[in-house]
2 protein chains.
Amino acid sequence: MLVEERRSRILRIAEERGFVTLQSLVGELGASESTVRRDLEFLDASGQIQRTRGGASFIGDTQSDFDVRRGLASLEKQRIARRTAELISEGETVLLDGGTTTLEVARHLAGRSLQVLTNSLPIASLLMNRREIELIFIGGYVYPKTGVALGELSVTALQQIHASRLVMSTGGITSDGLFNSNQLLVETERQMIRAADRVTLVADSSKFGQRALSHLCALDVLDEIVTDDGISEEWVQRMEQSGIRMEVAGVERGSRRPSAALG
Amino acid sequence: MLVEERRSRILRIAEERGFVTLQSLVGELGASESTVRRDLEFLDASGQIQRTRGGASFIGDTQSDFDVRRGLASLEKQRIARRTAELISEGETVLLDGGTTTLEVARHLAGRSLQVLTNSLPIASLLMNRREIELIFIGGYVYPKTGVALGELSVTALQQIHASRLVMSTGGITSDGLFNSNQLLVETERQMIRAADRVTLVADSSKFGQRALSHLCALDVLDEIVTDDGISEEWVQRMEQSGIRMEVAGVERGSRRPSAALG
DNA sequence: TGGTAATGACTGATTCTGACTGAATTTTTC
DNA sequence: GAAAAATTCAGTCAGAATCAGTCATTACCA
C-alpha cells in the first residue's frame, strides 16, 4: 500500500468514528505500529487530526467552499508551504495573510510555539484549538468568498500591532511589483507590510508575470520569496537583482539539498 | 478505554446529573478508584467540574469536545435561540456575543438579510459563506477554549462600530446584574454594550441566581431577556420590576401562543 | 545499480494505571 | 460530647501501556 493511500484511509476512518486507537489502525491497515505512529504524527503536524495517548481524534474541517478548494491545494503549494514553515523560528510573531498557500503554511505551524496574527477565518479556525499557539485575529469586514477580514477595521487593528514576519500571498507579480484583485484587500495588505519587520512572499511559479486589478507594492518591500521549481531562471535572477532572497521548493531529496537558497 | 474518552464520559455524566459520586463513576466506567480520582482532579483543575467530598459537581456551560463536534445544544438553548431570532428584524445590525446560545441564534439568522458583527470564531465560520449576511468580525486575542476574540484590540474595534442590537450571553445573573468568568471577556462585553442601542440577553433559566468571578454590569443596561420556561415567576417579576422585558420561550404548540411576552 | 525514502523491529524513557498506605474527615455509637 | 468505626482522601509504588528515537532492512526511483 502506498503512503498516501494509507494516510487517507486513516483520515477516513478517523472522520467516521471521531477517534481511533493506534492498535485498531494497526490491525485494520496491516501496517506496523511504528508506521501507523508515524502516519498519525504526520497527520497531526498537518493539522488534520489531533493525537492523544493511545490514538487520535479527527479535527472536523467545516465544509465550506473554501475548504473544498483547499482540498485541491496543489503539490507545489504544499511544498512551498512546508519550506516557508521551515523558515519560521520558534517563538516568532508571524502575521499570516489569507489564501490557500498561507493556509497550508498554517497547517505546518501547528504544534510549534508561536504567536500567530491573521485576518483569515479559515486559518484562525484551524489554529484556534492549538494551545501552543497564541492566536490574534485581525478583525474587519469578512469577504465572503475567502473568509478574509478587510477594510477600515482591519487597517486600524493592524496599526496597533507589530510582527517579526509577514507571510503574504499575491494575485500576481511582475517587475513592477505585486498585484491583487481587490482594492480593500490591497489596502489591508499594505498595512500588514508596515506592521512587519520582514516580508516573505509565498507565490507559486504561475503567478510570475501575472498582473491583477490593483497594484499592491513595489518589489523592494519583499525580503524573500518562496516559490516552486516551475519558475524560470530568468525570473529568479530578476528577483535577486531586486535584492530578494529566492527559496525554490523543489522535490526534496533528504538532506542532500535541504534548501535551494540562492542569494 | 482511552484517557480522553473516559474524561469525556465523566463530563457528560456530570453534566447530565449535576452531581456524581466517585463510587458510581468507578462502577460505570470500570476504572479503578485511583484513576477516577485522578480524572476528577484533572477536570477540577481545568475548571470543568467542582470536586466535593465523595464526588464532583458540574460547573460552567462549556460543552465537551464531544458535544461540540456533534453540534449539540440543549433543547432549552435552541428554543431560546429561535425566539431571539424572531425578535430580530430584517436589515438590522446585530452584534453577537460568543457562547453556545448565541451560536444557536446565529444558525437561525442564516438566510436573512442582516449585518452581523461578532467576536466569535465559531459564529463567523458559520455565517462566512452566507451571501445575504454582511459579516464583520471583531478581532483580538483569541481565547482558545471558546474561540472568542478579547482584549485591547477587540475593545478598540468596538469603539469604531455601532449596532442596533446586542445579543449577549452571560455566566450568571442576579439582582446585582450580570456576571462572567473572565475579566478580559467582561471588558470586551462592556464595550459591546456601549456600541449597541438595545441589549438583548439570552440566558437559560439555570443562570438566574448564579454569580461568577467578574461583575459585568447592572441590570438597567438590559432591554430584554430571552429565557426558557424553567424560570420561576419570582425571577420574572424581579426582572420586570427592573424595567426589563421578559421573553419566555416555552414548548411551542403551533401558533396558539407564539410568544409568552410579559411586560 | 546507487541512493533515498519507507518500513518494521527494537530500545530506553515516559505516562498511565491499579493496589496499597496512613492521614484526614465524616458518621455512628455509646 | 467523646470514642470508635467507616469513609474518603492524598501520596507512593511497581507493573503495564504507550511513547519517541535508533537502526538495519526493504522497496522504490532515477
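Chain identifiers are assigned alphabetically (A, B, ...) following the order of the sequence lines, protein sequences preceding nucleic acid strands; residue numbering begins at 1 within each chain. Values reported hereafter were calculated over all heavy atoms of this structure, with side chains retained and with hydrogens, waters and symmetry mates removed.
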Checklist entry - Quick one: do the Thr170(A) and Lys207(A) side chains pair a donor with an acceptor below 3.5 Å? => result no

Item to check | Side-chain H-bond candidate by donor/acceptor type, Gln115(A) with Glu134(A), under 3.5 Å | outcome: yes

Next on the checklist: If the cut-off is 4.0 Å, is Ser34(B) near the phosphate of dG18(C), judged by side-chain N/O to OP1 or OP2?
Outcome noted: no

Checklist entry - Is the shortest distance from a Lys or Arg side-chain nitrogen in Arg238(B) or Glu234(B) to a carboxylate oxygen in the other one below 4.0 Å? => result yes

Item to check | Phosphate OP1/OP2 of dA20(D): any Arg51(A) side-chain N/O under 4.0 Å | outcome: yes

Next on the checklist: When you measure from the side-chain N and O atoms of Thr35(B) to the phosphate of dG18(C), is any distance below 4.0 Å, counting only OP1 and OP2?
Outcome noted: yes

Next on the checklist: From CD of Glu4(B) over to C1' of dT18(D), roughly how many Å is that when rounded to an integer?
Outcome noted: 14 Å

Item to check | Nucleotide dT15(C), atom P - distance to CG of Asp39(B) in whole Å | outcome: 17 Å

Checklist entry - Could you state the CD-C1' distance from Glu5(B) to dC16(C), rounded to the nearest angstrom? => result 16 Å

Next on the checklist: Using whole Å, what does the distance between atom C1' of nucleotide dT8(D) and atom CZ of Arg53(B) come to?
Outcome noted: 4 Å

Next on the checklist: We want to know whether Ser125(B) and Ser125(A) form a side-chain donor-acceptor pair, criterion being a heavy-atom distance below 3.5 angstrom.
Outcome noted: yes

Checklist entry - Within the pair Arg38(B) and dT15(C), is there a side-chain N or O less than 4.0 Å away from OP1 or OP2? => result no

Next on the checklist: From CD of Glu33(A) over to C1' of dT7(C), roughly how many Å is that when rounded to an integer?
Outcome noted: 14 Å

Checklist entry - Roughly, in whole Å, what's the span from CG in Leu40(B) to P in dC9(D)? => result 9 Å

Item to check | Euclidean distance, atom CZ of residue Arg37(A) to atom C1' of dC19(D) [Å, nearest integer] | outcome: 6 Å

Next on the checklist: Using whole Å, what does the distance between atom P of nucleotide dG8(C) and atom CD of Glu41(A) come to?
Outcome noted: 16 Å

Checklist entry - Within the structure shown, what part of the strands sits under 4.0 Å from Thr52(A) by heavy-atom distance: base, sugar-phosphate, or nothing? => result sugar-phosphate

